[in-house]
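Written out below as structure tokens is the structure these notes cover.
It should be emphasised that the depicted structure is a prediction, and the values quoted were computed from it without experimental measurement.
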There are 2 protein chains.
Amino acid sequence: MPVTLKDIAKKTGVSVSTVSRVLSGDKAISVQTQQTVRKAAKKMGYRVNTVARSLKMNRTYTVGFVCPEITNEFFMKIAKGVEQELKQSGYSVIICTSNENVEDEARSLRILREKCVDGMIIIPCSNEGMHIKELFGDSCPVVLADRLVDDFKTDAVLVNNEAASFDLVDGLIKKGKKRIAFLGGNELITSAKERFSGYLKALKENNIAVEPELIRFGDFYLQSGYDIMKDFCEMKNPPKEFFISNYFMQVGAERYLQEYQKNKEDELTIVGFDNMDASPLFRFTERTAVQPMVAIGTEAARLLHRRIEGDKEAFPLISRFDVDWNVND
Amino acid sequence: MPVTLKDIAKKTGVSVSTVSRVLSGDKAISVQTQQTVRKAAKKMGYRVNTVARSLKMNRTYTVGFVCPEITNEFFMKIAKGVEQELKQSGYSVIICTSNENVEDEARSLRILREKCVDGMIIIPCSNEGMHIKELFGDSCPVVLADRLVDDFKTDAVLVNNEAASFDLVDGLIKKGKKRIAFLGGNELITSAKERFSGYLKALKENNIAVEPELIRFGDFYLQSGYDIMKDFCEMKNPPKEFFISNYFMQVGAERYLQEYQKNKEDELTIVGFDNMDASPLFRFTERTAVQPMVAIGTEAARLLHRRIEGDKEAFPLISRFDVDWNVND
DNA sequence: AAAATTAATGCAAACGATTGCACAGGAGGG
DNA sequence: CCCTCCTGTGCAATCGTTTGCATTAATTTT
């Protein structure tokens with residue numbers, strides 16, 4: 001029983017088209033009629049039915065945002081950027097989660113496709129991209145954030161992972177550290193790979209041999225940080241410097257260290273990525289590369305918006321942000 | 001150019017209605033036709049256009065979730081529960097943020113109304129409820145989570161705040177502590193109020209006089225926890241025990257303490273609410289009441305779903321969860 | 001004053017799906 | 001052999017908007 005254009009038309013004695021035109025700001029309607037209609041609309045509490053409008057206009061002013069995990073502060077900072085930016089142009093955002101698996105991701109994409117979103121921003125959960133390509137291909141613009149996929153070239157917004165992790169590792173080396181352990185994220189994921197490259201590059205440029213037992217990959221989540229740090233500390237000759245690929249693994253590592261290596265605060269050093277609210281509580285972390293999370297979202301949203309508006313320039317566009325630096329003292 | 005029922009109809013030589021019936025599982029269609037149609041639909045990559053369907057059926061299978069801040073782990077855990085639960089019934093969730101202000105909240109609600117959501121789950125940013133009532137009133141079910149509003153009675157899912165905070169404060173008192181400082185959340189918000197009541201009640205039952213200078217209200221965010229803890233510690237006769245109303249204020253407080261009161265780890269004690277990934281890194285926090293965040297979301301979603309299906313029983317229903325207990329050692 | 005232009009509004013189709021009703025043809029009952 | 005009853009399918013209206021085109025009245029031009 002929401003009030004429709006028809007109701008207003010009936011009440012004011014003009015046609016539905018006239019009401020529609022008034023409410024969409026068509027100047028061709030007499031001031032007289034405009035007033036009458038507007039007043040009636042207001043009084044009756046009219047609200048446009050965007051479902052009907054979308055059907056006619058073939059535009060839903062809705063975009064989809066798919067990420068691996070909705071409770072993840074990092075992803076949600078990106079989502080915030082997206083939401084803020086797109087809200088200004090009248091878009092809303094449907095947030096879906098892939099729960100870190102490709103089937104759920106595909107399911108989410110299917111639903112969003114059926115909801116006829118105008119565009120998609122995806123933080124893919126793996127390197128697989130075929131399902132994205134199949135579902136959206138050319139019909140609907142897709143922007144990737146934070147990660148790329150194989151088999152599907154499209155716009156993306158990333159950070160300079162390799163350079164940042166090179167800098168972190170190189171920094172440690174310059175301070176005379178030679179045995180730097182690497183705690184990686186999910187190896188399938190762009191950012192994890194690139195951060196690993198940066199690590200390798202730093203070793204190489206400083207002529208340090210790679211020690212395979214100092215390299216371990218987790219999944220970017222807490223538990224893997226905890227477990228890998230534990231393993232490292234239980235080695236016969238444990239490393240004292242650590243590169244940790246993201247915040248959540250850092251939390252895990254710090255938790256392990258605070259539980260079992262409390263007294264070694266001055267011996268052990270962590271460098272890594274990101275800076276969150278609780279980061280200053282870390283005892284072992286010295287320096288981190290901070291990704292501009294909200295800005296990544298904002299940029300992805302801007303890019304998507306351009307594509308939705310039909311701009312085809314320089315496709316596919318890969319945009320890379322530099323990180324900021326945080327020193328924990 | 002997505003393929004429509006019409007396209008399939010044309011291709012298979014049957015009418016649009018028949019195609020529709022086949023795809024919606026109507027058994028009255030001959031097996032013959034069913035096969036033909038299904039095969040064509042699959043081959044052509046048909047996906048229902050839910051915009052059109054929604055218009056006809058007056059059901060969007062979309063619900064709105066409005067919360068004060070999307071990057072807030074607490075709210076997003078609730079959102080996760082909502083999303084998980086509703087996904088099972090084929091709903092998607094549009095997540096909006098009010099940025100902790102009523103105008104934005106109202107704006108989000110208006111948009112969701114125009115998008116014709118089937119229902120709303122709201123974590124209101126204040127005690128104001130008129131705008132919700134006006135926009136949705138009876139037309140669309142609304143469930144509140146975590147907080148209530150004035151002027152609008154509707155279903156809600158909360159926790160037993162008062163009992164939990166009573167227990168925390170009472171616990172400290174039973175250990176002989178008498179000067180317990182209170183770091184509250186935003187006073188306008190249900191949970192902040194109720195936690196304060198619990199504090200007062202514990203003092204009262206133990207015949208401890210309230211000291212107004214030990215009571216301060218913040219806004220549930222980090223900075224307020226930091227600032228208030230600082231103020232307390234800079235008193236001439238600083239308290240040694242603290243009740244902190246939520247996780248984020250705890251982070252702030254812990255940050256202050258780690259910066260400026262590092263050596264007092266054994267003297268100072270914090271109790272409070274919530275337990276997040278980084279909570280085990282807290283040095284001063286002893287015991288917390290843990291809200292079942294995901295379960296709150298799940299329950300809110302279930303309740304909303306019932307209302308959408310037309311169940312009017314026991315309206316308005318206020319459901320309260322008990323907290324769990326976490327001891328940090 | 002007739003013709004041409006402009007201004008204000010209405011008609012009706014369209015978007016893509018769902019669904020009540022009608023209808024054709026075949027089966028079964030009397 | 002006619003009447004009734006299924007079975008399978010199609011017709012057409014409908015959901016609430018938007019919008020090209022037609023229409024009418026008023027105004028301007030010549």
Side-chain angles (χ1 to χ4, degrees), chain A residues 1-38 40-41 44-62 90 111-118 139-140, chain B residues 1-38 40-41 44-62 90 111-118 139-140:
Chain A
M1 52 229 59
V3 15
T4 68
L5 292 186
K6 206 158 140 192
D7 299 328
I8 301 180
K10 206 165 291 167
K11 187 75 111 195
T12 56
V14 300
S15 74
V16 170
S17 5
T18 301
V19 178
S20 170
R21 280 189 251 259
V22 169
L23 297 180
S24 56
D26 191 329
K27 315 273 280 187
I29 306 294
S30 73
V31 184
Q32 198 28 293
T33 314
Q34 286 196 34
Q35 288 185 343
T36 328
V37 169
R38 265 190 237 287
M44 303 169 75
Y46 174 78
R47 301 254 109 217
V48 63
N49 180 326
T50 56
V51 174
R53 168 183 283 172
S54 298
L55 179 59
K56 187 80 227 304
M57 313 248 281
N58 204 26
R59 257 311 201 51
T60 54
Y61 288 93
T62 303
I111 290 170
L112 291 169
R113 162 93 153 69
E114 292 180 349
K115 299 241 179 208
C116 307
V117 293
D118 296 338
S139 64
C140 158
Chain B
M1 53 224 58
V3 17
T4 69
L5 291 186
K6 204 156 139 196
D7 299 327
I8 301 180
K10 206 165 292 169
K11 186 77 112 197
T12 56
V14 300
S15 74
V16 170
S17 7
T18 302
V19 178
S20 170
R21 281 188 252 259
V22 169
L23 296 181
S24 56
D26 190 331
K27 315 273 280 189
I29 306 294
S30 73
V31 184
Q32 200 25 293
T33 314
Q34 287 196 33
Q35 288 185 342
T36 328
V37 169
R38 266 190 235 288
M44 303 169 73
Y46 174 77
R47 301 253 110 217
V48 63
N49 179 327
T50 56
V51 174
R53 169 183 282 170
S54 297
L55 180 59
K56 187 80 226 305
M57 313 248 280
N58 204 25
R59 259 306 201 56
T60 54
Y61 288 94
T62 303
I111 291 171
L112 291 169
R113 162 92 152 69
E114 293 180 348
K115 298 241 177 207
C116 307
V117 294
D118 296 339
S139 65
C140 160

Is the side chain of A/Thr60 donor-acceptor paired with the backbone N or O of A/Ser54 at a distance under 3.5 Å, no angle test?
no

Do B/Ser20 side-chain atoms and B/Val16 backbone N/O form a donor-acceptor pair below 3.5 Å?
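Absent.
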
Could you tell me if the side chain of B/Ile8 sits less than 4.5 Å from the side chain of B/Tyr46, heavy atoms only?
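Heavy-atom side-chain distance check passes, below 4.5 Å.
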
Any side-chain heavy-atom pair of B/Ile29 and B/Thr18 under 4.5 Å
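B/Ile29 vs B/Thr18: side chains touch.
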
Is the CG atom of A/Asp26 crowded by more than 12 outside heavy atoms at less than 6.0 Å?
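Yes.
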
B/Leu55 has a side chain; which of C/dA17, D/dG16, D/dT17 sits nearest to it?
D/dG16

Any chance the side chains of A/Lys115 and A/Thr62 put a donor and an acceptor closer than 3.5 Å?
no

Describe, as an angle rounded to 10 degrees, how the axis at the first end of the helix from C/dA1-D/dT30 to C/dG30-D/dC1 is tilted relative to the axis at the last end, five pairs per end.
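Nearest ten degrees gives 60° for this helix.
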
Would you jot down, in residue-number order, the residues of residues 17-34 of chain A having a non-hydrogen atom under 4.0 Å from DNA chain C?
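Only A/Ser17, A/Thr18, A/Arg21, A/Ala28, A/Ile29, A/Ser30, A/Thr33 qualify.
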
Ignoring hydrogens and angles, answer whether the base of D/dT17 and the side-chain atoms of A/Lys56 contain a donor-acceptor pair closer than 3.5 Å.
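Such a pair does not exist between side chain and base.
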
Check the phosphate of D/dT18 against A/Arg53, side-chain N and O only, distance under 4.0 Å to OP1 or OP2. Yes or no?
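A/Arg53 to D/dT18 OP1/OP2: side-chain N or O found under 4.0 Å.
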
Does a side-chain N or O from A/Ser15 land closer than 4.0 Å to OP1 or OP2 of C/dG10, or not?
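Answer yes for this pair, as a side-chain N or O of A/Ser15 is under 4.0 Å from OP1 or OP2.
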
